[in-house]
Amino acid sequence: MAVIDALEELRECLNPEQFEAATHVDGPTLVLAGAGSGKTRVLVHRLAYLLHTGRAQPWEIFAVTFTNKAAQEMRTRVEALVGPAVRSCWIGTFHGLSARILRLEGERLGYTPNFTIYDAEDAKRLLKRVMQALEFDPASKLVTVAAVHHAIDRAKSRSIGGGKDIGAGQENRSDGLDDEGRKDPLAAAVRRILPRYQEALRQSNAMDFNDLLRLALELLTHHPEARERFSGRFRYIMVDEFQDTNRVQYDLLRALLVDHDNLMVVGDDDQSIYRWRGADVANILGFSRDYPTARVVKLEQNYRSSAHILAAANAVIRRNSRRHEKALWTEADDGRPIGVAIMERGQDEAEFVAQSVASAIAEGEQPADFAVLYRANAQSRLFEEAFRRHGVPYTLMGGTSFFERMEVKDILAYLRLAVNPRSSQDFERIVNTPSRGIGDKTLARLKAAAEPSGLQGALMLAMPDERLAGVGLSPSAIKKLRALHATLTTLASMAKSAPAVEVARAVIDRVDYIGHLEAYDPASADERIENVWELVHSIAEHEALTDATAANEALNARATTSEALTPLAAFLERASLTSAFDLDHTQAQGVALTTLHGAKGLEFPHVFMVGMEEGTFPSRRAVEGAPEDLEEERRLCYVGMTRAMRTLTLIGVRLRWVYGGEDLRWPSRFLGELPDHVVAPCSESPFEAPKGRRSPWVDLRDNNGSRPSVRRRTVERGGDRIEYDDLQEPQDTHEVGGSPILPSTGGMYRPGVRVFHNTLGVGTVESADGVGSKTYLTIRFAQEGLRRVAARFVRSAEESC
DNA sequence: GCCGAGCAACTTTTT
DNA sequence: GTTGCTCGGC
């Protein structure tokens, strides 16, 4: 009876494809969900359907979302449909769910349940220490902490086979002179560093972000008892944003699917924007190959955007070669044309947006209905300033998260140490904060004393006085260490039984942290102190909430997750895994300021995409990099455009301020990819390009405020006729003979252009090939004759004069 | 061991 | 422009 009711209800609120995706619950299912096609709706209703019809018990459901915020939203929406039972479902990010698995079963791998999660900053500090110990040259341009961190990150997110191939047993190739080492010193360095880094993490009872995934996979792969516990339990598995999963995450899913294949994945290959982080589109493109029986459902009706916006986004994404062909359609009206505006500099761009928003608000629009999307966080500042000037409320998303602030991290370090005394990074962070006279010398001696025993973190303080004196520590230094030891011991014992808020208060009291902040920098003290109390407040809030959840779980007999975590430890985990994007913005009433990445999954009636210039968006690295990098930028552009419901405005500037000076920029190629009939220049723009300035810039507006006076040309390629605005580059070849070349490749290298080469002297360009940094020019030099050289070594002759 | 001055590197995107 | 780091003087 209930089943039939549920089906009838679903039929009413879902379209036929959505209905199929929501109710086809057994066996593998791939949902290819175009932007704005209601995929969250499908996931929510599917979950509700499973619970409501009794096909699944709450604890049998494992649902993976991309962010904690998305998980929270899913919970809330499902709860509204089926009540509090959903609280016992496992819903979270891959990292969060993996951590949960490891808290329960990680002891099999040598970690205690109170292990600490190191974020990127912690990981880099630890790497730095390891590299110092291995005597790497700190001045090396190639083997930097950041480069090594990135390399390790990539290696770990690609790692298969349970991660066994990483970390141990590679010391024998540590001379850096093996075959590969000759070719790639960074790889050789990583081979030496990684085992030490991994060992240091293990000794600290700590994991970095990728370890969470890797070790969970290792547990499920190599420990059958652990595997049975989870694979036997989760009978329905769902994954959102599947296009952005990496190899390890995919393997993790497969490891859970031993007894059944009830896996539904939802995604859109056109919205894959995390390749740089190890995401592998192959997971979604090859799903039907891995699961030949998979039902494939395509959601192609867009419910979000006007027809013009959809047409523009489709035109852009169509230029990518590696994608599933789809046909997104809408029943919506054309709507307003896409606005395109070109400003002189960043300030003008921000002023234009702020003014436009301010006047719209004056006419009754809501600030929260607007969003400003940019490529990189650094672009946000000008917009913050402009909105403040205009009195427009805004919400800055991303950027430095609350939990990344110095004062917050200090307190968190004490708390993490109280929960896990072995954490070396936290110990080093607080050992002399606030100043207590324990400097580098004392710390080095302490470590020397601990060395043979392998003690880490606060445990080093537990050594007897004689041992400390034996490494040359003075009585006064030992006294200071003892005082610290007493503090940390007290905190550690409090952490076992006292409420989390009390532990936090004790930290602040015992080390006089407020006094420290006042002394540290009086100018910022007030704000920092406020943040500290905000932290205490959020711990209290969290504690109240977990009490409620625990009570709820106690009612739910089969909700077996009596987790081994105290509220304090649970809070610390949340702090580690919560990004700036996860904080609650649902109450936010201001204009959203966010990166394009951060806008994924959101929608706004009015969207401004700013920084539409070559080198900004697409980013310089993408322009100079491989064609795949550019395709990812284009997907990012597609994601941005499809956030818009009613109006979309694209803005670029001619002069972009980059640390140091102003850069002359070309309009983003994406502007040139918009179809004519959906674009209109923003005639209401109060800014005109300054008179008398000539530059390679082509203003997209003509004097009448109608369609930009852009010359067009047609290129024949592979039987296709492709039309380009003359100011654009064809995206996959680097042709000479028409369009200007991107400034970031060094200038305009048309045939006939005179250029200067440092060793070969002056010559004339004959032809060019390749893309970005791999552009090569064939040049006729006066002395040397015809030579082919890399474009990056060549300047235009005018420029060099 | 502490602190201030001067300098380099930084900017892609985040769990 | 900013932040984090090194170096030298106290």
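Predicted model, so just to flag it, every value in this text is computed and none were measured. These numbers come from the heavy atoms of this one structure, side chains and all, not from hydrogens, waters or symmetry mates. Letters A, B, ... mirror the listed sequences (proteins, then strands); counts begin at 1.
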Problem set entry | Separation of atom CD in A/E613 from atom P in B/dT11, rounded to whole Å | 19 Å
Problem set entry | Qualifying residue for side-chain hydrogen bond (donor to acceptor under 3.5 Å, both in side chains) with A/K409, from A/T433, A/D426, A/D119 | A/D119
For this session: Calculate the interatomic distance between A/R381 atom CZ and C/dT2 atom P; express it in whole Å.
Result: 5 Å
For this session: Return the value, rounded to whole Å, for the distance between atom NZ of A/K124 and atom P of C/dG4.
Result: 12 Å
Exercise. Taking A/D629 as the fixed residue, which of A/R275, A/R634, A/R621 is the one that meets the salt bridge (Lys or Arg N to Asp or Glu O under 4.0 Å) rule?
Worked result: A/R275
For this session: Scan A/F617 against the nucleic acid and name what it touches under 4.0 Å (heavy atoms): base, sugar-phosphate only, or nothing.
Result: nothing
Problem set entry | For the student: nearest non-hydrogen atoms of A/A35 and A/D268, plus distance | N-OD2, 3.6 Å
Problem set entry | Stepwise side chain to side chain donor-acceptor pair (under 3.5 Å) check, A/N531 with A/E407 | CA-CA 7 Å; A/N531 286 332; A/E407 60 275 18; 2.7 Å; yes
Exercise. Within the stacking criterion (centroid distance below 5.5 Å, interplanar angle below 30°), does A/W276 stack on B/dT13?
Worked result: yes
List every contact pair, protein side and nucleotides 1-4 of chain B side both N or O, where the distance is under 3.5 Å.
from: B/dG1; atom 1: OP2; to: A/G439; atom 2: N; distance (Å): 2.8
from: B/dG1; atom 1: OP2; to: A/G439; atom 2: O; distance (Å): 3.4
from: B/dG1; atom 1: OP2; to: A/D440; atom 2: N; distance (Å): 3.2
from: B/dC2; atom 1: OP2; to: A/N432; atom 2: ND2; distance (Å): 3.1

Exercise. Taking the side chain of A/K128 as heavy atoms from C-beta outward, which of B/dT11, C/dC5, B/dT13 is closest to it?
Worked result: C/dC5
Exercise. For B/dT15, does either OP1 or OP2 sit under 4.0 Å from a side-chain N or O belonging to A/S576?
Worked result: no
Exercise. Can you tell which of B/dT15, B/dT14, B/dT11 lies closest to the side chain of A/T595?
Worked result: B/dT14
Look for any protein N or O under 3.5 Å of an N or O in nucleotides 5-9 of chain B and output each such pair with its distance, or none.
from: B/dA9; atom 1: OP1; to: A/K141; atom 2: NZ; distance (Å): 2.8

Exercise. Using a cut-off of 4.0 Å on non-hydrogen atoms, how would the nucleic acid contact of A/A376 be classed: base, sugar-phosphate, or nothing?
Worked result: sugar-phosphate
For this session: Report the C-alpha separation of A/Y250 and A/D280 in whole Å, then their side-chain angles, then the decisive distance to 0.1 Å, and conclude whether the side chain to side chain donor-acceptor pair (under 3.5 Å) test is met.
Result: CA-CA 9 Å; A/Y250 189 61; A/D280 191 352; over 6 Å; no
Exercise. If you draw the axis of the six-membered ring of A/F115, does the NZ or CZ of A/R103 fall within 45° of it and under 6.0 Å from the ring centre?
Worked result: yes
For this session: Grab the CD-C1' distance between A/Q379 and C/dG1 for me, whole Å please.
Result: 15 Å
For this session: First locate atom CH2 of A/W666, then atom CG of A/L671, and finally report the distance between them rounded to the nearest 0.5 Å.
Result: 14.0 Å
Exercise. Distance check: side-chain N/O of A/N377 vs OP1/OP2 of B/dT14, anything under 4.0 Å?
Worked result: yes
Problem set entry | Same-atom distance (C1') from B/dT13 to C/dG4, integer angstrom | 22 Å
Seminar exercise, completed: Here the distance between atom P of B/dT15 and atom CZ of A/R247, to the nearest Å, is 23 Å
Exercise. Which value, rounded to the nearest 0.5 Å, describes the distance between A/M460 atom CE and A/L468 atom CG?
Worked result: 10.5 Å
Exercise. Nearest-Å distance, CE (A/M609) to P (B/dT13)?
Worked result: 16 Å
Exercise. Are A/Y197 and A/D208 close enough that some pair of their side-chain heavy atoms sits under 4.5 Å apart?
Worked result: yes
Exercise. A/E573 has an atom CD; how far is it from atom C1' of B/dT15, in whole Å?
Worked result: 12 Å
Exercise. How about A/F608 and A/F383: are their ring centres within less than 6.0 Å of each other?
Worked result: no
For this session: Starting from C1' on B/dT11, measure out to CZ on A/R621 and report it in whole angstrom.
Result: 8 Å
